[in-house]
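Computed from heavy atoms alone, side chains included, the values below leave out hydrogens, waters and symmetry copies. If you read the sequence from its start, that first residue is 1, and numbering goes on from there. Ligands are counted one by one from 1 in listed order, and the atoms in each one are counted from 1 as well.
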Amino acid sequence: MSTSAFKLADAPSPNVMPTYGRQNIVFERGEGAWMVATNGDRYLDFASGVAVNALGHAHPKLIAALTEQAHKLWHCSNLYRVAGQERLAERLCSLTFADRVFFCNSGAEACEGAIKVARRYHFANGHPERWRLITFKGAFHGRTIATIAAAGNPKHLEGFGPPADGFDIVPFGDLEAVEKAIGPETAGIMLEPIQGEGGVNVASIAFLKALRELCDKHGLLLVLDEVQSGMGRTGKLFAHEWAGIKPDVMASAKGIGGGFPLGAFMATAEAAKGMTPGTHGSTYGGNPLAVAVGNAVLDAVLEPGFLAHVEAMGLRLKQELARVKDEFPGEVQEVRGLGLLAGIKVTKPVGDLVAACTAEKFLTVSAGDNTMRLLAPLNVAESEISEATQRLTRALRRVSKPS
Ligand SMILES: *Cc1c(COP(=O)(O)O)cnc(C)c1O
């Protein structure tokens with residue numbers, strides 16, 4: 001059947017494996033912070049494809065980068081040098097703690113790679129017995145067999161056999177528990193500086209600094225998962241910069257490709273010393289199309305004033321949300337986050353609020369801890385923040401009405 005002859009049914013096709021709780025909306029196109037559904041409805045998009053569309057939809061520079069590359073070469077495999085990879089890696093290394101970058105396609109793969117780097121580092125040091133990572137309750141690192149074990153969310157683990165061994169999970173923010181969990185087999189500590197899926201839980205600067213010190217003291221690697229918090233989302237290129245610390249290994253994805261599947265794990269030369277030829281690979285990872293877009297995203301994020309804009313819009317949103325919280329003390333329990341990674345913890349079921357927002361043509365994402373995430377595109381306009389607040393206010397009115 002040709003695509004033009006395809007008629008979309010009213011309900012989702014049973015041929016698509018039903019692993020998601022999808023809303024019954026089909027989007028046709030996007031423009032900046034807006035998406036247009038097939039029925040013509042316009043939605044203000046503060047879901048951003050779960051923090052992926054960092055520059056909103058249909059950004060002219062990303063379209064140009066993708067189409068220019070599409071006319072030249074899509075894919076050639078990693079059997080050969082890829083110029084765009086070398087350029088993006090050099091730029092990322094000059095901007096961060098890292099000396100080495102491996103390109104992959106997704107956040108889960110980036111986290112898996114980061115875990116492999118940490119284990120392989122100690123192996124290369126003659127300590128193959130040091131392979132366990134300390135990880136945190138409420139974490140999310142992806143849906144592969146290893147990353148679901150790393151996060152330990154029972155809902156994600158159920159029915160998939162015994163969780164992969166090698167992760168010691170402690171409460172987020174509990175330094176004493178981390179110290180107690182360190183043993184002769186510990187390779188490192190892995191965490192999100194801000195737990196996104198877990199409900200926008202921001203690690204304190206003191207906690208991140210203390211973890212860095214613990215790692216230094218015990219010869220452990222500090223592994224950060226900045227898949228959601230990175231690429232400018234908090235107003236810094238990576239969220240750990242707010243704490244003035246440097247990780248040894250870091251996973252990145254989501255915003256790094258601005259909507260094109262791209263992930264990366266990065267490490268210092270020392271931490272990456274076990275990653276020798278043949279130790280890891282990916283067929284698609286960092287293919288010419290992906291890194292062409294990745295370089296264009298980075299161009300935009302590095303433009304003078306871009307990160308300051310994210311910070312200013314984050315502050316603006318925070319003020320608006322504080323006002324909303326005052327207006328709905330019975331509904332909004334807490335507002336938290338950093339930059340444009342914002343969360344609203346509510347008292348009623350968060351799904352009801354997300355649905356009410358959707359009814360107001362305002363797209364948001366639910367998260368753990370009964371929290372709704374607002375993930376505006378990083379180039380969001382101040383007027384769109386105001387518009388978002390108005391739609392959120394109307395949605396809260398809907399859910400606060402006694403039924
Ligand atoms: C989304 C996310 C992942 C997983 O990314 P996928 O691309 O879905 O595999 C991992 N870690 C964090 C912090 C994330 O937010």
A.B. asks: side-chain contact (heavy atoms from CB on, under 4.5 Å), that's the test. Do Ile115 and Val249 meet it? Break it down for me.
C.D. replies: CA-CA 9 Å; Ile115 294 164; Val249 187; over 6 Å; no

A.B. asks: Can you find an N/O atom of Phe140 closer than 3.5 Å to an N/O atom of ligand 1?
C.D. replies: yes

A.B. asks: Looking at atom 9 (O) of ligand 1, what's its closest protein heavy atom, distance included?
C.D. replies: Ala108 N, 2.7 Å

A.B. asks: When you look at CZ of Phe306, are more than 12 heavy atoms from neighbouring residues, nucleotides or ligands closer to it than 6.0 Å?
C.D. replies: yes

A.B. asks: Are the side chains of Thr358 and Gln23 in touch, meaning some heavy atoms are under 4.5 Å apart?
C.D. replies: yes

A.B. asks: For ligand 1, which atoms, with element, lie under 4.0 Å from some heavy atom of Asp225?
C.D. replies: 10 (C), 11 (N), 12 (C), 13 (C)

A.B. asks: Backbone or side chain, does any N or O of Glu109 fall under 3.5 Å from an N or O of ligand 1?
C.D. replies: no

A.B. asks: Quick one: does ligand 1 sit under 4.0 Å from the side chain of Lys254, the backbone, both or neither, non-hydrogen atoms only?
C.D. replies: side chain

A.B. asks: Which atoms of ligand 1 sit under 4.0 Å from any heavy atom of Ser106?
C.D. replies: 7 (O), 9 (O)

A.B. asks: Could you see which bit of Ala253 sits under 4.0 Å from ligand 1, with heavy atoms only: side chain, backbone, both or neither?
C.D. replies: neither

A.B. asks: Side chain or backbone of Glu192 under 4.0 Å from ligand 1, or both, or neither, by non-hydrogen atoms?
C.D. replies: side chain

A.B. asks: Should you measure from each heavy atom of Gly107, which atoms of ligand 1 turn up under 4.0 Å away?
C.D. replies: 4 (C), 5 (O), 6 (P), 7 (O), 9 (O)

A.B. asks: State whether Arg391 and Glu387 are salt-bridged, where the test is any N-O pair (Lys NZ or Arg NE/NH1/NH2 against Asp/Glu carboxylate O) under 4.0 Å.
C.D. replies: yes

A.B. asks: Which protein heavy atom lies closest to atom 10 (C) of ligand 1, and at what distance to 0.1 Å?
C.D. replies: His141 C, 3.4 Å

A.B. asks: Considering residues, nucleotides and ligands other than Lys246, do more than 12 of their heavy atoms fall under 6.0 Å from its NZ?
C.D. replies: no

A.B. asks: In a check of side-chain contact (heavy atoms from CB on, under 4.5 Å) between Gln228 and each of Glu192, Gln195, Lys254, which one passes?
C.D. replies: Lys254

A.B. asks: Grab the two heavy atoms, one from Val350 and one from Ser366, that are nearest each other, plus how far apart they are.
C.D. replies: CG1-CB, 4.1 Å

